[in-house]
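A, B, ... follow the sequence lines: proteins, then strands. Residue 1 opens every chain. None of these values were measured; they are calculated from a predicted model.
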2 protein chains.
Amino acid sequence: MRRTTNTIDYLAETEELARFAKALGHPTRIKILNYLENQSCCFTGDLLEVIPLAQSTISQHLKELKAAGLIQGEVNPPKIKYCINQENWDKAKQLFNNFFSDRNIVSCE
Amino acid sequence: MRRTTNTIDYLAETEELARFAKALGHPTRIKILNYLENQSCCFTGDLLEVIPLAQSTISQHLKELKAAGLIQGEVNPPKIKYCINQENWDKAKQLFNNFFSDRNIVSCE
DNA sequence: ATTATTAATCGTATATTTGCGATGAACTTA
DNA sequence: TAAGTTCATCGCAAATATACGATTAATAAT
């Protein structure tokens, strides 16, 4: 990409919200998170039974969710147990909540 | 992409949420929406003063937000007045709210 | 009619995302 | 030690996203 021109200064909150939103921006990842919301935790193998994608593809989605901080993995040899990262989950919840609540409805011009 | 193998069947709600999230997944679009939340409406020109990107780039971001249903444009020659689409805004708010609230916290395994 | 203003769209370049199969790493079990 | 299980990572292909400048379209003002 040719963004040589500018490095834009966004508010930290703006970037954080965008990062969370981006992580949520794929139906497979929503489905994974919905699964985790109900199961509290899961292993990659569980997801393979629920989502018809290659193991490597699901692993990549998990990696992204982990990078965004929404989930965390805990080794439980030979498996890895994935859970929602409650701290960041709450942070994301807060950010989205604020975002949708800040609306200041006034008549236009 | 090589997704010849499967067309995955997601819940309508899942796809809808992912679509909204994807639209929010870029700091420029968050900034635009934050601007609209406070101003109620704006013209593309207003945004050019606030965001150091080319006019065509901002126009593209507006197009995406419009495609996601989060904003709407009303011709106000020779300008175009953009506002938040309240109906879909509320729908998105509801979807995110449900998503973050559905968490069923139980001990693991 | 001509010019100015505003914003969309086109064409292009590059980066990122999504997906797969194959392979590798870590640990268990036989 | 050898084979099995589980998951990450690599390498690749194709699609999509991001950004820009140039152009076009629509309307207003002169």
Rounded distance in Å - [atom1] ([X]) to [atom2] ([N]):
X	N	atom1	atom2	answer
B:Leu62	C:dA7	CG	P	9 Å
A:Ile32	D:dC7	CD1	P	13 Å
B:Leu24	D:dT18	CG	P	12 Å
A:Leu53	C:dT18	CG	P	11 Å
B:Glu74	C:dA8	CD	P	14 Å
B:Glu49	C:dT5	CD	P	15 Å
A:Lys81	C:dC27	NZ	C1'	17 Å
A:Gln55	C:dG24	CD	P	15 Å

### Polar side-chain atom of B:Ser59 near backbone of B:Gln55 as donor-acceptor pair, under 3.5 Å
no

### Task
Decide yes or no, distance alone: a donor-acceptor N/O pair under 3.5 angstrom between the base of C:dA8 and the side-chain of B:Gln60.
no

### Query
Heavy atoms under 4.0 Å, any strand shown: does A:Thr44 hit a base, just sugar-phosphate, or nothing?
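Result for A:Thr44 = sugar-phosphate.
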
With respect to the side chain of [X], which nucleotide from [options] is positioned closest?
X	options	value
B:His26	C:dC20, D:dA19, C:dA8	D:dA19
B:Ile80	D:dC20, D:dT9, C:dA8	C:dA8
B:Lys79	C:dT6, C:dG19, C:dC10	C:dT6
A:Arg29	D:dA19, C:dT18, C:dA7	C:dT18
B:His61	D:dA19, C:dG19, D:dT9	D:dA19
A:Thr57	D:dT9, C:dG19, C:dA8	C:dG19
B:Ser56	C:dC10, C:dC20, C:dA7	C:dC10
A:Lys22	C:dA7, C:dT16, D:dG21	C:dT16
A:Glu64	C:dA22, C:dT18, C:dG19	C:dT18

### A:Glu64 with A:Lys22: basic N within carboxylate O range, under 4.0 Å
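Between A:Lys22 and A:Glu64 there is no salt bridge, as every charged N stays at least 4.0 Å from the carboxylate O atoms.
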
### Message
Please verify the inter-ring angle class for B:Tyr10 with A:His26; under 30° counts as parallel, over 60° as perpendicular, anything in between as tilted.
### Response
perpendicular

### Summary
So OG1 of A:Thr28 and NZ of A:Lys31: to nearest 0.5 Å the spacing works out to 8.0 Å

### Task
Go through the side-chain N and O atoms of B:Gln94 and B:Asp90 and say whether any donor and acceptor fall under 3.5 Å apart.
no

